[in-house]
Asker: 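One structure follows; several queries about it will come next.
Throughout, a chain's letter reflects where its sequence line sits, starting with A, and its residues are numbered from 1.
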Amino acid sequence: MMKVRRPRGTNDILPAETSNWQLIEAKIREICYRFGYQEIRTPIFEHTELFQRGIGETTDIVEKEMYTFLDRGRRSITLRPEGTASVVRAFIENKLYAAPLPAKLYYLGPMFRYEKPQAGRYRQFYQFGVEAIGSLDPVLDVEMIMLPIELYKECGLSNFDVHINSLGCPECRPQYRQALQERFMQIKDRFCKNCQARITRNPLRVLDCKSTKCQELAEGIPLITEYLCQECRTHFEQVIEYLNQLNMDYVLDPKLVRGFDYYTKTVFEIIVPTLGAQNAIGGGGRYDGLVEEIGGESLPAVGFAVGLDRLMLSLNQQDASVFPQINPEVYIAHFGGATKKMAVSLINELRKTGLWIEMDYLDRSLRAQMKSADRLNCNWVIIIGEDELAANAVKIRRMDTGSEDEVGMDAVIEYLMKHREENSNK
RNA sequence: GUGGGUAUAGCUCAGUUGGUUAGAGCGCCAGGUUGUGGCCCUGGAGGUCGCCGGUUCAAAUCCGGUUACUCACCCCA
């Protein structure tokens, strides 16, 4: 029989890891609550057109990375490659603009891009994202930077850098773009192959080419910040002022460009330098034209997304101790005669305390059961043998010290609660 | 999509110029202890050597293809 394996670029997240994911997800919900963002759940697939219009026809994502197929009604459907377009669509479709603005929303879940997999880059990956729709206030831009940073910090991540830039707006960016293009065109053949293509397609990208040759050629080139229109300039200055006021660390990075067409004004990216090539664990920016583009009225908006797989990678890389070890509280060992029946009754009672209780399901020797309890890192083992059965009592063993008490059946919960308390007070 | 590397037990890895029954450590199971974990000792289970084809008397080993993983590029979270 042929072995069925998981599709390329997908991952099984196993029990050893899921508890970590749950912890991060809980942290996300907690922080969103404090910042006043509420969860929105949109479909995992949408009409293809949404992403074509939203993300931009000429972006890599739309050109070659979408999971697109025809459904049985011959509609073109696409698995979502990012979250913003869907959120904006849902915002318009459900008329959330009738509620007080800005709408403050967050989402959490899988995204899909048909890419060649690498560490930190998968075909199904997980993002947490936040969007604030309906305000131009630079305070929101700053909030979008603070929120993910808060998440990273509370997860115990320390070595990351925040890069920010402004990409201008439809007023000023085209002028800069043209200026760059004209300048580069004169010396086009001296650039690397990639950059020669970039010059016609997206000249801003030439600026962050990794080739030192291109870096040198691009030296002394005017920066976008010098081309910003008055409105964009003021907006950017205010963002920076607020960041300073709040003592946030950041790097002004005039070469920062992002991949979606919809970004305007503020863009930012959060980098973990030790992560390798896929080192951005979060990023976002303002998208003042997108709501209108998707068919709503003209409303400014700003948002970000965090790559949870990459966050998990960097946490494991640095210090996995942020994740508490979880283990059963009690293991019930039984052997012989009717002791199993007693164990079943006892486990049923003990579980009402809310603690994690385990027992032996394989009718193994006491020795084997002790070994299991040890491997599971149980704090206590309750031993029920024939003698205990006869005395209507159990032995309760502390696994760390090895000390053991005989306790009457009626007093087991009381005994455990009392000694757990003493232990945690130490 | 482009280029490089890798693929042997659940995990980490040995395996000589191609040679007979493919090994180790850890983990797992059982026993040493007829009722007690960690340390120690003994034994056991577990492999179509990623897959397909070729060369050869003979392939884990050489060759081709393929799939997966991995690193870099493109790009992105």
Asker: A:Ile382 CD1 to B:G37 P: how many Å, rounded?
Answerer: 18 Å

Asker: Between P on B:G38 and CE on A:Met370, what's the gap in Å once rounded to a whole number?
Answerer: 9 Å

Asker: With rounding to whole Å, what would you report as the distance between B:C39 and B:C28 at their P atoms?
Answerer: 10 Å

Asker: At under 4.0 Å between heavy atoms, what does A:Ala333 touch on the DNA or RNA strands: base, sugar-phosphate, or nothing?
Answerer: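 Answer is nothing: A:Ala333 stays at 4.0 Å or more from every strand.
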
Asker: Which nucleotide, B:G35, B:A68, B:C73, lies nearest any side-chain atom of A:Arg8?
Answerer: B:A68

Asker: As a test of reading the structure: which of B:A77, B:A30, B:C75 is closest to the side chain of A:Asp60, going by heavy atoms?
Answerer: B:C75

Asker: Within this structure, what is the CG-to-C1' distance between A:Asn377 and B:G27, rounded to whole angstrom?
Answerer: 16 Å

Asker: When we call it a touch if two heavy atoms are under 4.0 Å apart, what does A:Gln369 touch: a base, just sugar-phosphate, or nothing?
Answerer: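 Answer is nothing: A:Gln369 stays at 4.0 Å or more from every strand.
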
Asker: Report yes or no: is the ring centroid of A:Phe335 under 5.5 Å from the six-membered base ring centroid of B:G35, with the two planes under 30 degrees?
Answerer: no

Asker: Say we look at B:G37 and B:G27: how far apart would their P atoms be, to the nearest angstrom?
Answerer: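 Approximately 16 Å lies between the P atom of B:G37 and that of B:G27.
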
Asker: Considering just the side-chain nitrogens and oxygens of A:Gln118, establish if one lies under 4.0 Å of OP1 or OP2 belonging to B:A72.
Answerer: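 Yes, A:Gln118 has a side-chain N/O under 4.0 Å of OP1/OP2 on B:A72.
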
Asker: Determine the interatomic distance between P on B:A22 and the same-named atom on B:C41; round to the nearest Å.
Answerer: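 To the nearest whole Å, 27 Å.
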
Asker: Relative to the 5' end of RNA chain B, which residue comes earlier, A:Met399 or A:Arg375, by the nucleotide with the nearest heavy atom?
Answerer: A:Arg375

Asker: Just the rounded figure in Å: distance from P of B:C71 to CG of A:Leu275.
Answerer: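 Computing the A:Leu275:CG to B:C71:P distance gives 10 Å.
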
Asker: Heavy-atom nearest nucleotide on RNA chain B for A:Glu65 versus A:Glu404: which residue maps closer to 5'?
Answerer: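 Its nearest nucleotide lies further toward 5', so the answer is A:Glu404.
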
Asker: For B:U21, give its Watson-Crick or G-U wobble partner with both distances under 3.5 Å, or none.
Answerer: none

Asker: Check the orientation of A:Phe35 and A:Tyr37. Use parallel for under 30°, tilted for 30 to 60°, and perpendicular for over 60°.
Answerer: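 A:Phe35 vs A:Tyr37 ring planes: tilted.
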
Asker: Considering every strand and a 4.0 Å limit on heavy-atom distances, what is the contact class for A:Gly129: base, sugar-phosphate, or nothing?
Answerer: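 Touches nothing.
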
Asker: Base, sugar-phosphate or nothing for A:Ala280? Non-hydrogen atoms, less than 4.0 Å.
Answerer: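 The residue A:Ala280 makes sugar-phosphate contact but no base contact.
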
Asker: For B:C74, which nucleotide in any strand shown is its Watson-Crick or wobble partner with both distances under 3.5 Å?
Answerer: none

Asker: Suppose we call two aromatic rings close when their centres sit under 6.0 Å apart. Are A:Tyr152 and A:Phe160 close by that rule?
Answerer: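 Centroid separation for A:Tyr152 and A:Phe160: below 6.0 Å.
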
Asker: For salt bridge (Lys or Arg N to Asp or Glu O under 4.0 Å), just list the numbers for A:Glu82 and A:Arg113, CA-CA rounded to whole Å, side-chain angles, deciding distance to a tenth of an Å, and then say yes or no.
Answerer: CA-CA 9 Å; A:Glu82 59 107 42; A:Arg113 292 182 202 169; 6.0 Å; no

Asker: For residues A:Phe304 and A:Phe128, establish whether the separation of their ring centroids is below 6.0 Å.
Answerer: yes

Asker: Rounding to an integer number of angstrom, what distance separates B:U55 and B:A45 when you compare their P atoms?
Answerer: 37 Å

Asker: Could you state the atom-to-atom distance from CE of A:Met66 to C1' of B:G1 in whole Å?
Answerer: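 Rounding to the nearest Å, CE of A:Met66 and C1' of B:G1 are 17 Å apart.
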
Asker: Taking B:G23 as the reference, what is the distance to B:A60 when you measure between their C1' atoms (whole Å, please)?
Answerer: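 These two C1' atoms come out 12 Å apart once rounded.
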
Asker: Considering only the C1' atoms, how many Å lie between B:C49 and B:G18, rounded to the nearest integer?
Answerer: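 My reading of the C1' atoms in B:C49 and B:G18 gives 15 Å.
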
Asker: Looking at every strand, decide which applies to A:Gln278 at a 4.0 Å heavy-atom threshold: base, sugar-phosphate, or nothing.
Answerer: base

Asker: How would you label the contact of A:Phe128 with the nucleic acid (heavy atoms, under 4.0 Å): base, sugar-phosphate, or nothing?
Answerer: nothing

Asker: Would you say the side chain of A:Glu115 and the base of B:A77 hold a donor-acceptor pair, judged only by whether the two atoms sit under 3.5 Å apart?
Answerer: yes

Asker: Under a 3.5 Å limit for both distances, which nucleotide forms a Watson-Crick or G-U wobble pair with B:U6, could you say?
Answerer: B:A68

Asker: Using a cut-off of 4.0 Å on non-hydrogen atoms, how would the nucleic acid contact of A:Phe304 be classed: base, sugar-phosphate, or nothing?
Answerer: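 Touches nothing.
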
Asker: Can you find a donor-acceptor pair, distance only, under 3.5 Å between A:Arg121 side chain and B:C75 base?
Answerer: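 Result: at least one qualifying N/O pair found.
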
Asker: According to the Watson-Crick and G-U wobble definitions, with both distances under 3.5 Å, which nucleotide is paired to B:U34?
Answerer: none

Asker: Please name the nucleotide paired to B:G44 by Watson-Crick or G-U wobble geometry with both distances under 3.5 Å, or report none.
Answerer: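 Pair assignment: B:G44 / B:C28.
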
Asker: Using a 4.0 Å heavy-atom cut-off across all strands, classify A:Gly83 as base, sugar-phosphate, or nothing.
Answerer: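 Here A:Gly83 touches no strand at all.
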
Asker: Within a strict 4.5 Å, meaning less than it, do heavy atoms of the A:Leu79 and A:Gln124 side chains meet?
Answerer: no

Asker: Is a donor-acceptor contact shorter than 3.5 angstrom present between the side chain of A:Lys371 and the base of B:U36?
Answerer: no

Asker: In this structure, are over 12 heavy atoms from other groups packed under 6.0 Å from A:Phe69 atom CZ?
Answerer: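 More than 12 heavy atoms, drawn from other residues, nucleotides or ligands, come within 6.0 Å of this atom.
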
Asker: I'd like the P distance from B:U8 over to B:C69, given in whole Å.
Answerer: 14 Å

Asker: Using a 4.0 Å heavy-atom cut-off across all strands, classify A:Gly120 as base, sugar-phosphate, or nothing.
Answerer: base

Asker: Measuring only the C1' atom in each nucleotide, how far is B:G10 from B:G1? A whole number of Å is fine.
Answerer: 36 Å

Asker: Could you state the CG-P distance from A:Leu366 to B:G32, rounded to the nearest angstrom?
Answerer: 13 Å

Asker: Separation of A:Ile24 atom CD1 from B:A77 atom C1', in whole Å?
Answerer: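 Result: 14 Å.
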
Asker: Looking at every strand, decide which applies to A:Ile281 at a 4.0 Å heavy-atom threshold: base, sugar-phosphate, or nothing.
Answerer: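 Answer is sugar-phosphate: A:Ile281 comes under 4.0 Å of backbone atoms only.
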
Asker: Less than 6.0 angstrom separating the ring centers of A:Tyr287 and A:Tyr262, yes or no?
Answerer: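 Between A:Tyr287 and A:Tyr262, the centre distance is under 6.0 Å.
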
Asker: Please give the nucleotide sitting opposite B:A14 as a Watson-Crick or G-U wobble pair, both distances under 3.5 Å, or none.
Answerer: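 Across any shown strand, B:A14 pairs with none.
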
Asker: Partner of B:C49 by Watson-Crick or G-U wobble geometry, both contacts under 3.5 Å, or none?
Answerer: none

Asker: Check every strand shown and say whether A:Arg397 touches a base, only sugar-phosphate, or nothing at a heavy-atom separation below 4.0 Å.
Answerer: base

Asker: With hydrogens left out and only the distance checked, is there a donor-acceptor pair under 3.5 Å joining A:Arg367's side chain and the base of B:G37?
Answerer: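 No pair found.
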
Asker: Return the nearest nucleotide to the side chain of A:Pro117; candidates are B:C74, B:C69, B:G35.
Answerer: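 From the listed options, B:C69 comes nearest.
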
Asker: How many whole angstroms separate atom CG of A:Asp387 from atom C1' of B:U34?
Answerer: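 So the two atoms are 13 Å apart, to the nearest Å.
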
Asker: Is it the case that over 12 heavy atoms from other parts of the model lie below 6.0 angstrom from the CG atom of A:Asp400?
Answerer: yes

Asker: Counting only heavy atoms not in A:Glu49, do more than 12 fall under 6.0 Å of its CD?
Answerer: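 Result for CD/A:Glu49: open.
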
